[in-house]
There are 4 protein chains.
Amino acid sequence: MAATNKQAEIEAAAIRLFRQKGYHATSMQDIADAVGLQKGSLYHYISSKDDLLVSIMHAALSKYNSRLSEIRSMDLPVRERLELAVRAHLRGIADNLGMLTIFLRESYALSPQHKEIIGSESSRYNQMFEDLFREGVASGEIRDLDPKLATRTMLGACNWFYRWYNPEGRLGIDQLADFFVDLLFKGVETRS
Amino acid sequence: MAATNKQAEIEAAAIRLFRQKGYHATSMQDIADAVGLQKGSLYHYISSKDDLLVSIMHAALSKYNSRLSEIRSMDLPVRERLELAVRAHLRGIADNLGMLTIFLRESYALSPQHKEIIGSESSRYNQMFEDLFREGVASGEIRDLDPKLATRTMLGACNWFYRWYNPEGRLGIDQLADFFVDLLFKGVETRS
Amino acid sequence: MAATNKQAEIEAAAIRLFRQKGYHATSMQDIADAVGLQKGSLYHYISSKDDLLVSIMHAALSKYNSRLSEIRSMDLPVRERLELAVRAHLRGIADNLGMLTIFLRESYALSPQHKEIIGSESSRYNQMFEDLFREGVASGEIRDLDPKLATRTMLGACNWFYRWYNPEGRLGIDQLADFFVDLLFKGVETRS
Amino acid sequence: MAATNKQAEIEAAAIRLFRQKGYHATSMQDIADAVGLQKGSLYHYISSKDDLLVSIMHAALSKYNSRLSEIRSMDLPVRERLELAVRAHLRGIADNLGMLTIFLRESYALSPQHKEIIGSESSRYNQMFEDLFREGVASGEIRDLDPKLATRTMLGACNWFYRWYNPEGRLGIDQLADFFVDLLFKGVETRS
DNA sequence: TATGAATGAGAGTTCATTCAT
DNA sequence: AATGAATGAACTCTCATTCAT
C-alpha cells in the first residue's frame, strides 16, 4: 500500500489528523508537515481544506453505499440481510475509524453546498436501510415498527460505536457485532 | 423572558450559535452581536470562550445526572426505572436541544483539563445507567447482556436522537420515547 | 502609618506593583485589587495611570532634590559634602527602592509632556551634583576632571545600585555607601 | 546594506523601535510598517515578539561575552586587561547602542524562562569581569576591594553610559573611555 | 464615595490561500 | 512538482477609561 500517489498520502494524513485533533484544530501546516511538503505545495493536489474534508467523507460514504447495496440484493431472507447490514455498518466503522469518525463528527462543519452533497449521499444510505427494514416488515420477519424511526434508532446506536470502539480492546469486531444484533433484534427485556 | 441577567443572556446566545454554526465557527463577535454588546464587554461576564463552552456542558450534565439519580432510587420495578431512564434521557435532549447538541458534538473540542472534568461527569451518568441495567439483570427482568456494552448501545441510540429530532415534527417527544422503549426493550424481530 | 488617605494607599500599591511587575505589566485592575476597590473607583483619586506614574516619580525626585540641596549648603569641606551626596543618593535608593526603581527604570515610558517635567526635575538634581563637583575642583580637593562627565559616571554607578541592592543582604546600606565612596574617591588601582 | 535578509531587517527595525519607544509601546504593526510587510507576515521570520526581544539580547550578550573572554586571556598585565575590559564594555555600548539599550532596559520584561536564559549569560559576563578584578587584587596591581561589589560598581557606571551617550557628541568613544578609566582607576579625589 | 457595566481601540497571533519563481 | 514569501482577514482577549446610578 505504498504511497505512489501524493494525493492519497495527503488524504491519509488528513484523516489521521482530523480524527486526532478535529478538523478545525488541524492546520494545513500540520498536514504539510505530516507528508513532508510545504503547505503551499498541498494545493497542487487538493483545492481546499474544505474539499479535503468532503472527499474524505465522500470516500467513506461511497464504500458504505455500495456495500449496503450489495447486501440488499443478496439472495437471503430479509431478516438475515438486515442483520448483515448492521454487521457491515459496524465493520465499516471499525475498518475505517478515521474516515468514519470524521464523517460522523464533522459533517456540520461543511459549507452549505457540500453539506447538501454529502447529505444526499448519506440519505441514500439511510433510505436503503429503511427499505430493507420495510421489506422485513412486509415479509413478517420484522415487527411492524415505523421504518424511518427504526432506521434512525438502529443506525444511531451503531453510529455511536465510533466513540468508544477500541481496535485493541478485549472484544473483536465480530463479537461486538454479535452483541449489537442480539440487542437490537431481540431487545433487552426478558421474554415472558 | 426579559433580559434581567446578562450572563444568562450570553449563555443563551452562545448555546443557540454554537448549535447553529458549531463552536469553532462561532466567533466572540457573533455572540456579542447577538446580545448587543461589544465583544470586549463579554469578558465582564465570562472568562473565556472555552469556559463558556464548559459551563454550558456542565449545566447540561448536572441536570442529567440529578435526574437519573432520582429515577434510580424510585420505588418501582427496575424494568420500569430503566424505561424511565430512557424516556428521561430523550426528553432531556428534546428540552435542551441546544445544550445537549453542544455537549454531544463538541466535547472533543475541549481543552485537556476541561475534557477531564466534563468526561468524569459524563462517566458518572453512564455508570449510573449501567448500574441500573445490572440491577435489572440481577432481578431477572432484563436479559443477561453485558451491562457496559448494553449501556453504550442504548445510550448511543438515544444520543443520536439530537441529530434528527425536530420539535415541530409530526410526533411528540412522548410518542418518540414510546418508540425507543419499544424498540430497545423488545427488539425489532418478530417473536416466534 | 495607617491609610487614612486612599490616594496614598493607591500610590503605595502602585509603587509596589510597578516595581514587581513593571509599569506596563501592571493593570489598573491589579491596583484596584490591591487596595480593595473596583477599578472604576480609582479614578476618584487619580486622573490616569500615566499621572500615577508621574506623581510617584515626582515624589521620588523632590525628596532627592531637597536632600541634595541641604547637603550642598552645609558648612563642611566640599570633599565631605560630595561624599555625603553620594551616601545620600544610595541611602535614598535603599529607603525608597520602589519609587526609585520606577523612576530609574520606567522614565522612558512617560508621555512626552511628562517626560519633560520629570526630565527637568532630574536635570536639576544632576546640575546640583555637578556644581558640587565643580566646587570641589575649584577648591583643589577634587581632581580636575570634567564635571559633567564625572557626575554622569558617579551617579551612573550609584543608580545601578537599585538593580542589585537587597535590603536583607549581608552588608548594610552604610557599609555599601562606604564602599562606593572608597571606590569612587580613591579609584581601584594601587597607588604607586 | 540592501535588504537581502528579511529576518535581519526585521531585527534591525525592532532594535530601532524598541529603543525609541520601548518594548511594550512598540506593536507588531509598528515593526511590520517599518519593514513593509503585513504584521501577520512577520511570523514567517520570528516566532513571537518575546522571542524577538530575546534574540536581540542574546546577540548583544554573546558578542560581549566573547570579547571579554578574549581580553581576559591576553598576554598583558592584569591592570591593562582590566582597563581594556572597561574600554571594550563602553565601546560595545556605543557600537550597538540599540541592542544594548534594549538589553539593559528591558530585561525585566522577559518571561521567566527567557529571564533565566538571558540572566545566566549575563552572569557569565559579570563573573569574568569579577575574576579579572580578583586577579588584579592577587597581583597587587589592584587595591584589595571586594571584587563582587567592585564589579557591580564599575559595570554600573559603565552601563549607565547608554542613557546619555550621543554618537554625535563632542567627545568620541575613545576619549570617553579614557575618562571612565581615569575616574574609576584613580578616583575623583586629589591625591595627597 | 463607590460601583460595575460598557466602551472601543488595539494587542499578538493564526491561518487558508495565492503566486512568482 | 515544489517552494516559501506574502497576504489579509479573522481570531481571542486585554485594558485604560467613562459614566449613569
Side-chain angles (χ1 to χ4, degrees), chain A residues 5-7 10 14 23-32 35-53 111, chain B residues 3 5-7 9-10 23-32 35-53 111, chain C residues 6-7 10 23-32 35-53 111, chain D residues 3 5-7 9-10 23-32 35-53 111:
Chain A
N5 188 324
K6 268 267 141 93
Q7 168 128 15
I10 290 169
Y23 175 72
H24 284 105
T26 300
S27 69
M28 295 305 280
Q29 187 65 68
D30 291 334
I31 299 173
V35 297
L37 285 175
Q38 293 304 112
K39 68 180 160 166
S41 311
L42 294 177
Y43 289 84
H44 288 288
Y45 302 100
I46 61 157
S47 60
S48 73
K49 193 186 176 190
D50 199 60
D51 264 2
L52 193 49
L53 181 59
S111 66
Chain B
N5 188 328
K6 216 88 206 207
Q7 169 125 17
E9 218 184 321
I10 290 169
Y23 175 72
H24 285 107
T26 299
S27 70
M28 294 309 281
Q29 187 65 67
D30 291 334
I31 298 174
V35 297
L37 286 176
Q38 295 299 111
K39 66 183 164 165
S41 309
L42 295 176
Y43 290 84
H44 282 284
Y45 302 99
I46 61 157
S47 59
S48 71
K49 192 187 177 189
D50 200 59
D51 261 8
L52 192 50
L53 179 59
S111 67
Chain C
K6 252 315 94 104
Q7 168 128 14
I10 290 169
Y23 175 72
H24 284 105
T26 300
S27 68
M28 294 306 280
Q29 186 65 68
D30 291 334
I31 298 173
V35 298
L37 287 175
Q38 292 305 113
K39 70 181 160 166
S41 310
L42 294 176
Y43 289 83
H44 288 288
Y45 302 100
I46 61 158
S47 59
S48 73
K49 193 186 175 189
D50 198 59
D51 264 3
L52 193 49
L53 180 59
S111 66
Chain D
N5 188 330
K6 215 87 207 205
Q7 168 126 14
E9 219 184 320
I10 290 169
Y23 175 73
H24 285 107
T26 300
S27 69
M28 294 308 282
Q29 187 64 67
D30 291 334
I31 299 173
V35 297
L37 286 177
Q38 295 299 113
K39 66 180 166 167
S41 308
L42 295 175
Y43 290 83
H44 282 285
Y45 302 98
I46 61 157
S47 58
S48 72
K49 192 186 176 191
D50 200 59
D51 261 8
L52 192 49
L53 179 59
S111 67

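Throughout, a chain's letter reflects where its sequence line sits, starting with A, and its residues are numbered from 1.
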| request: List the steps, then state whether side-chain contact (heavy atoms from CB on, under 4.5 Å) holds for V35(A) with I10(A). | output: CA-CA 6 Å; V35(A) 297; I10(A) 290 169; 4.2 Å; yes
Between G36(D) and H24(B), whichever has its closest DNA chain F nucleotide further toward 5' is G36(D)
Whole-Å distance, L53(A) CG to dC15(E) P, equals 17 Å
Between L37(A) and Y23(C), whichever has its closest DNA chain F nucleotide further toward 5' is L37(A)
Separation of dC13(F) atom P from M28(D) atom CE, nearest Å, is 20 Å
Taken to the nearest whole Å, NZ/K6(C) to P/dT1(E) is 10 Å
Shortest non-hydrogen pair, D30(C) vs A25(C), comes out as OD2-O, 3.8 Å
The correct set of residues in residues 38-47 of chain D placing a heavy atom under 4.0 Å from DNA chain E is K39(D), G40(D), Y43(D)
Checking K49(A) side chain against Y23(A) main chain: does a donor-acceptor pair fall under 3.5 Å?
yes
Shortest non-hydrogen pair, M28(B) vs K39(B), comes out as O-CB, 4.2 Å
Sequence neighbours excluded, the answer for side chain to side chain donor-acceptor pair (under 3.5 Å) partners of S48(D) is none
Separation of dT14(E) atom P from K49(D) atom NZ, nearest Å, is 15 Å
Atom CD of Q29(B) and atom P of dC13(F) are separated, to the nearest Å, by 14 Å
Across all chains, not counting sequence neighbours, the ring-ring contact (aromatic ring centres under 6.0 Å, His included) partners of H44(C) are none
Residues at least two apart in sequence or cross-chain that pass side-chain contact (heavy atoms from CB on, under 4.5 Å) with S41(D), listed by chain then number, are L37(D), Q38(D)
Taken to the nearest whole Å, CD1/I10(B) to C1'/dA6(E) is 11 Å
Before giving the answer on side-chain contact (heavy atoms from CB on, under 4.5 Å), spell out for L52(A) and I31(A) the whole-Å C-alpha distance, their side-chain angles and the decisive distance to 0.1 Å. CA-CA 11 Å; L52(A) 193 49; I31(A) 299 173; 3.9 Å; yes
Listed range with range, the stems formed with DNA chain E by at least 3 consecutive Watson-Crick or G-U pairs (under 3.5 Å) are E:2-21 with F:2-21
For Y45(B), the ring-ring contact (aromatic ring centres under 6.0 Å, His included) test, sequence neighbours excluded, returns none
From CG of L52(C) across to C1' of dT17(F) the rounded distance in Å is 14 Å
Separation of dA16(E) atom P from D50(A) atom CG, nearest Å, is 12 Å
